[in-house]
Structures are given as C-alpha cells and as structure tokens.
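Letters A, B, ... are given to chains in the order of the sequence lines, protein chains preceding strands, and every chain is numbered from 1.
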There are 2 protein chains.
Amino acid sequence: MDRKKKLGQFIEACRHSGLKITPQRVAVYEVLLTREDHPTVEDIYNEVKKKYPFVSLATVYRTVETLEELGLIRKVAYWGSSVRYDANTSDHHHLICVQCGAIRDVEFCLDWTPPTNIQGYRVHKYSLHIYGVCPVCQAKEN
Amino acid sequence: MDRKKKLGQFIEACRHSGLKITPQRVAVYEVLLTREDHPTVEDIYNEVKKKYPFVSLATVYRTVETLEELGLIRKVAYWGSSVRYDANTSDHHHLICVQCGAIRDVEFCLDWTPPTNIQGYRVHKYSLHIYGVCPVCQAKEN
DNA sequence: AACCAATCTGCTAATGATTTTCAATATAGA
DNA sequence: TCTATATTGAAAATCATTAGCAGATTGGTT
Ligand SMILES: [Mn+2]
Ligand SMILES: [Mn+2]
Ligand SMILES: [Zn+2]
Ligand SMILES: [Zn+2]
C-alpha cells in the first residue's frame, strides 16, 4: 500500500546519491517490496525477468548491493548457501523453517530491550530467530 | 573441562553410526571444542594443519558435515560469505560484531519461551542475535 | 530535440567457497 | 594378519558472487 511511498523514497535516495533511476533498479526494488518471503538474488532475478526478459543476473546482484548501501533493504542472517534479502528494514523477528528454509516475519514484537553493553560489545540492536517447521512442510509429513 | 566427555560421546556416536574414528575427525572436533569464536572451515583447517600438516581442506569440510549430522555441532546463522560452526549445541544466544564479524556466545539466558505454534509454524527453539561493535573494533575507532 | 558526460547494463570471465570424484590408504573386526 | 569397508588427499567440478569491459541509458545542457 505504501509501496508508492517507498518507491518515492528510493527515487529520492537515488537522486540524492547521484544514482540513475533505471527500470531494472525499480523492478528489483518493486519485487523486494512485494515479496514477504525474503528471496534470494536468483528469486528476484526470476521475478524481474518476467517483466524484463533481458535483465542480467549481475545487474540484480549489483542492484541489491546498491539498495543495501542506501539502507533500503538488508540481508537476513541465515545458514543457507545463498544470501536472502528483506525490504522490511524495521526491527522485527523471523520464523525460519528448518526443513525448507522458508523465512517469514514474526508478527509480534518482544518487549525486551538489551543492555547497551554486553560483554564489552556496544550493542546496536537485536533480532530473534525462531526455528520450526512451516505449514507446508507439516502438510508433507502426512 | 568436559572436553574428554564430549570426545567420548563423539566416539560413541561414530561407533553407533558405523563411522570410523580417524585422527582427522578427532582433530576437527577437538578444534571446535576448544574454540569459542565460531570458526569457519578454513579456520579449523588452519588449526588442524598444525598437528596434521597433510590434512586436506576437503576432509575438514566432510568432517564438519558429519559432525553436524551427528548433532555434535551446528551452523551459526550469519550473513557472511563462509559458514561458521559452533560446538555448543545447547540453547544460547550470539553477540555479533557488525564491523569484523566476530561472534561470541552471550553469557545470559532470556527467560522467554515462545509459543509452540506461531503463524502456523510448529516451533522448536529460538536464538537471539545481538548486533553491536566488539571491543577490538571499538579500540580501533581511536 | 540534439548533445554529452557520467553512470549502467549485459555479457563473459574470474573468484571464492564448497562438493564431488577417484585411486590410494587407514580402520575395525574376524 | 587378512579383508571388507570407510576415509583420505589431491584435483576437478559446481555453485554463488564479483569484476572487467564495450556498448547502451540516463539526466542534465544547449
Ligand atoms: Mn523480514
Ligand atoms: Mn555459540
Ligand atoms: Zn518448510
Ligand atoms: Zn569487531
């Protein structure tokens, strides 16, 4: 719904940084704004290709890097083989399926604030990883 | 302290699964039991090489996979380029340096238990990732 | 609208991490 | 000790990601 607003911010951020607004960049960010599943670069690429069949994988890699530098998306910590991205940059937690790797946002917040200093680390923020089996994988267990 | 006990469990687990007890396997697990910094495979390899200069990187990769299958070690969720392993398989949390990637165990527990079902996921366990700047990186800030 | 400098893109080659292949070797049990 | 089987080291293969480059786009300027 405020996808338009987010896209506006993106265009603003590009202008501010002297970056050009290209259809590929917009398409990559749009895919990320639409998807709730923390897609890989390959996932994004496949989605963008539907609209721009000649887009290259390298461009998608470059674009997610740019978007990350602009602070518009972030990587999700994960132990799988490829990096997964998240356009939700607000503080939130993740539900991770230990079978298939599906990652979803947790819809509640934890009312816990970490100390600003833990074991000498100057703490910025935290994130909860909740591991379990997703509905799809549960269904497969029959 | 109970390194001996853990090694004993490892040997027991190998016997139980028909796996052979080789010096390389023992050395890899010993390195993991010793280190508190969640090393990469390369880190482990460099350490094992001190004792067995002819060990191969492939063997270390194979061994960590075996150890993981036995449930004796686990991967740490992380967004860096190489996987990091943890011989501490009990529930605990991690402090992660956003500058250098140093990962340490958090020494406290959170008295929070997640619901067994969240958004359809059958929940197993959770882990907290606390992000900040480690003492070493703080010192470098001058 | 045509022009231009700088940025981007697509393609391909290079890299880095991890896995596989396979012949030679080590382990465990008889 | 002998033997079947699992494991190892070395090299090649694979997968994810990055870099290099020539040609195309973009966003101002005339
Ligand atoms: Mn998310
Ligand atoms: Mn740990
Ligand atoms: Zn699943
Ligand atoms: Zn650090």
N or O in side chain of Thr59(B) less than 4.0 angstrom from dG9(D) OP1/OP2: yes

Touch class at under 4.0 angstrom, heavy-atom based, for Pro53(A) against every strand present: nothing

Touch class at under 4.0 angstrom, heavy-atom based, for Val41(A) against every strand present: nothing

Atom-pair distance (CZ on Arg25(A); P on dG10(C)), nearest Å: 11 Å

Ile21(B), nearest nucleotide to its side chain (from dC11(C), dA28(C), dT8(D)): dA28(C)

Leu57(B) or Gln24(B), whichever maps to the more 5' nucleotide of DNA chain C: Leu57(B)

Salt-bridge criterion met for Arg84(A) and Glu42(A) (N-O under 4.0 Å): no

Rounded distance (Å) that lies between atom C1' of dA17(C) and atom CH2 of Trp79(A): 19 Å

Quiz item: Arg62(A) side-chain donor-acceptor pair to dG20(D) base, under 3.5 Å: yes

Side-chain N,O (Thr40(B)) to OP1/OP2 (dA17(C)) below 4.0 Å: no

Main-chain N/O of Gly120(A) paired with Asn117(A) side-chain donor or acceptor, under 3.5 Å: yes

Audit row: Thr40(A), Val83(A), side-chain contact (heavy atoms from CB on, under 4.5 Å) steps and yes/no: CA-CA 6 Å; Thr40(A) 64; Val83(A) 174; over 6 Å; no

Can you give me every donor-acceptor pair (side chain of residues 93-108 of chain B, partner residue at least two apart or in another chain, under 3.5 Å) with its distance?
| from | atom 1 | to | atom 2 | distance (Å) |
| --- | --- | --- | --- | --- |
| His93(B) | ND1 | Leu128(B) | N | 2.9 |
| His94(B) | NE2 | His38(B) | NE2 | 3.1 |
| His94(B) | NE2 | Asp86(B) | OD2 | 3.1 |
| His94(B) | NE2 | His92(B) | NE2 | 3.0 |
| His94(B) | NE2 | Asp105(B) | OD1 | 3.2 |
| Asp105(B) | OD1 | His38(B) | NE2 | 2.9 |
| Asp105(B) | OD1 | His92(B) | NE2 | 3.0 |
| Asp105(B) | OD2 | Asn88(B) | ND2 | 3.0 |

Donor-acceptor pair present, Lys20(A) side chain and dA6(C) base, under 3.5 Å: yes

Per Val55(A) side chain, nearest of listed nucleotides dA16(D), dT7(D), dG10(C): dG10(C)

